[in-house]
Amino acid sequence: MSWIVEQSIAALQQLMLSGECSAAEITDAYIDRIAAIDPGLNSVVEINPEAMRIAAALDDERRAGTTRGPLHGIPILLKENIDTADEMLTTAGSLAMVDSMPTEDSTTAARLRAAGAVLLGKTGMSEWAFFRSTSGTSGWSGRNGQVRNPYDHDRSPGGSSSGSGVAASASLAAATIGTETNGSIVSPASANGVVGLKPTVGLTSRAGVIPIGSSHDTIGPLARSVADAAGVLSALAGPDPRDPATHAARCGNYSAYVDAEGLVGARIGIATTLFGFSRHADRIAFEALELMRASGATTIDVPELRVEPELRDAGRELLLHEFKAELNNYLAGRTRGSPRTLAEVITFNEAHREQELRHFGQELLEMAETRGPLTEKAYLDAVATATRLSRVDGLDKVLTDHRLDAILAPTGPPATPIDLINGDARTGSTATLAAVAGYPLVSVPAGAVAGMPVGVTFMGTAWSEPMLIRLSSGFEAQRGPRPEPTF
């Protein structure tokens, strides 16, 4: 089992190509490691009962002379809000959802299958992707309980793709898939010492994914290296008729942008106004910037880049409106057995308070239920405000005015203690501007504080994933090995 730890996707492919091992043996090794390690982490909700059969079939294809690409035979875990039309459940962590099933694969699952990946299982998450209560604990759900950080089981795993971040860090799969609305990929990436790649909204399809809001939602990989994340993104990206937002999505080999010299000649903005929520994260980010300058990058302060209260309010209003409309639409497409509307979800939670509401409430669900259709003025005004402040007068203006390739800021603080009484200590993060804009982020491990990892985030404009991959891989190459959990 130990031979699987920290193995890259390329290394696993080489093992299969040389005949040293098979996809079935790799899959079995991850299943054994989950059984040995995950009881203390609670990051994997279920193993796909078909995983070994799928791996064996992919081995047969390889023996017959066919491989589907870089992910052929590679085990990947999916967040449990991503539909799979198989024996696994898709619940977003809610007990309300366990008695119904999706009727078809999400586009994410279908594309991974087509690329030859082994869908190994589902990872735990913050229930309803942390869009349930105004306070809460990252990684907790009614279905799965509490996901725990591999570096310290008493500290937060980050949210809401908590299990995906933990499982990637603990080498429970070659890579994992998360979803992000506002920080839900990059937060667990930073907290668990892995790379989190949050794509431009519309680069990866949201079809068959339990939604929060289409203005913010996106699907992306968490992995132990930028190269692995880029390889998985290559399989996910592209237009999908099931998701109109992807009409301009750009297919391609994102692995081609991984570059150990990627910082040479780069112009990187320092978003100084996004610092300050953690002196520890600030120190690590400034050390990272020194390394970038020593590696050939130019850094420019951009103090005008701000997250105004008006921007936060507009972003929240967008999500409250979109969640009601889009969740109702999603629920209508599942088999009968669980709630078909947001109102019915709220009623279920009230009827099962001991299981669902014993720690925190459902204020955000109740607020969303009061919102009107996406044609009402409050929503349209929020769209206009969000676009102006996050894009036109925000990221796009700063990137253009200073001729920047990207902007850098600390991702978040070192993981804080799990607190099921008061909820997460929300000291700060830097995902909001890109979240509201729908723009990409890459968080990369940058250092550690008292053994707890901390990441830095590269942010850019729409469709700038190639540049962000180049810069983050260049930093990763200069930084050296990530801090591994020791268990």
Side-chain angles (χ1 to χ4, degrees), residues 44-51 54 78-113 119 121-133 140-145 160 163 177 179 181 205-214 217 219 240-244 319-358 361-362 364-374:
V44 179
V45 179
E46 59 184 317
I47 298 292
N48 185 357
E50 299 179 282
I54 294 168
L78 281 70
K79 188 176 178 180
E80 66 159 329
N81 61 348
I82 300 173
D83 286 353
T84 53
D86 52 22
E87 297 181 52
M88 294 188 289
L89 298 179
T90 305
T91 71
S94 173
L95 292 172
M97 302 289 284
V98 299
D99 292 327
S100 71
M101 300 288 286
T103 57
E104 62 180 317
D105 269 347
S106 61
T107 300
T108 293
R111 286 181 172 168
L112 288 171
R113 292 189 203 272
L119 301 189
K122 296 286 183 78
T123 58
M125 58 183 285
S126 309
E127 187 171 320
W128 294 114
F130 222 141
F131 201 77
R132 197 191 80 172
S133 55
W140 186 89
S141 70
R143 181 188 177 203
N144 188 53
S160 69
I177 306 298
T179 67
T181 304
S205 173
R206 287 85 50 88
V209 178
I210 298 176
I212 293 183
S214 57
D217 289 351
I219 318 301
D240 175 19
R242 297 172 64 194
D243 184 352
L319 295 180
L320 288 170
H321 278 80
E322 291 169 356
F323 183 68
K324 178 181 179 180
E326 292 163 11
L327 181 66
N328 287 347
N329 182 62
Y330 169 84
L331 292 174
R334 287 176 65 114
T335 63
R336 294 267 172 197
S338 60
R340 312 292 282 183
T341 65
L342 172 57
E344 291 180 7
V345 171
I346 293 169
T347 299
F348 177 94
N349 289 342
E350 289 292 348
H352 298 81
R353 293 189 66 86
E354 287 301 310
Q355 296 86 10
E356 283 289 350
L357 303 179
R358 68 180 183 271
Q362 55 177 340
L364 291 177
L365 302 188
E366 293 165 348
M367 291 167 65
E369 178 59 24
T370 68
R371 293 315 194 261
L374 302 186

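Residues take their numbers from the sequence shown, with the count starting at 1.
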Side-chain heavy-atom pair Met97, Arg143 within 4.5 angstrom cut-off: no
message: side chain to side chain contact (heavy atoms under 4.5 Å, CB included) for Leu119 and Arg113? Distances and angles first, verdict last.
response: CA-CA 7 Å; Leu119 301 189; Arg113 292 189 203 272; 3.4 Å; yes
For the student: nearest non-hydrogen atoms of Ala207 and Arg242, plus distance: CB-CB, 3.5 Å
query: Looking at residues at least two apart in the chain, or sitting in another chain, which of them share a side-chain hydrogen bond (donor to acceptor under 3.5 Å, both in side chains) with Asp240?
result: Thr107, Ser205
field: Straight-line distance of Ile82 CD1 to Thr90 OG1, nearest 0.5 Å
entry: 8.5 Å
- prompt: Rounded to the nearest 0.5 Å, how far does CZ of Phe130 lie from OG1 of Thr181?
  reply: 12.5 Å
- request: Report the distance from atom OG of Ser214 to atom CG of Leu319, rounding to the nearest 0.5 Å.
  value: 9.0 Å
- request: Using only heavy-atom distances, determine whether the side chains of Asp105 and Thr84 contain a donor-acceptor pair under 3.5 Å.
  value: no
- prompt: Which value, rounded to the nearest 0.5 Å, describes the distance between Arg132 atom CZ and Leu365 atom CG?
  reply: 7.0 Å
- line: The residue among Glu344, Gln355, Gln362, Glu366 that forms side chain to side chain donor-acceptor pair (under 3.5 Å) with Asn349 is Gln362
message: A side-chain contact here means heavy atoms from C-beta on lying under 4.5 Å apart; do Lys79 and Thr123 qualify?
response: yes
message: Do Phe323 and Arg371 have side chains that approach each other closer than 4.5 Å (heavy atoms only, starting at C-beta)?
response: no
message: Salt bridge check, Arg206 against Glu326: does any charged N sit closer than 4.0 Å to a carboxylate O?
response: no
field: Side-chain (Lys324) to main-chain (Glu369) donor-acceptor, under 3.5 angstrom
entry: yes
Any donor-acceptor pair under 3.5 Å from Ser106 side chain to Asp83 backbone: yes
- prompt: Just by distance, do the side chain of Arg334 and the backbone of Tyr330 share a donor-acceptor pair under 3.5 Å?
  reply: no
- prompt: Taking all non-hydrogen atoms of both residues, which atom of Ala96 and which atom of Pro339 are closest, and how far apart?
  reply: O-CD, 3.0 Å
- prompt: So among Glu80, Glu50, Lys122, which one has a side-chain contact (heavy atoms from CB on, under 4.5 Å) with Met88?
  reply: Lys122
field: Contacts of Ala92 that satisfy side chain to side chain contact (heavy atoms under 4.5 Å, CB included) - sequence neighbours left out
entry: Asn81, Met125, Trp128, Ile210
Chi angles and distances behind the side chain to side chain contact (heavy atoms under 4.5 Å, CB included) call for Thr103, Thr335: CA-CA 7 Å; Thr103 57; Thr335 63; 3.9 Å; yes
task: Inspect the surroundings of CZ in Arg336 and state if more than 12 heavy atoms from other residues, nucleotides or ligands are less than 6.0 Å away.
output: no
query: Under the side chain to side chain contact (heavy atoms under 4.5 Å, CB included) test, which residues partner Arg353, sequence neighbours left out?
result: Glu350, Leu357
message: Is there a side-chain contact between Val45 and Thr91 in this structure, where contact means two heavy atoms from C-beta onward sitting under 4.5 Å apart?
response: no
query: If we only count heavy atoms from C-beta on, is the Asp217 to Val209 side-chain gap below 4.5 Å?
result: no
statement: When every non-hydrogen atom of Ala368 is compared with those of Leu342, the smallest separation belongs to CB-CD2, 3.9 Å
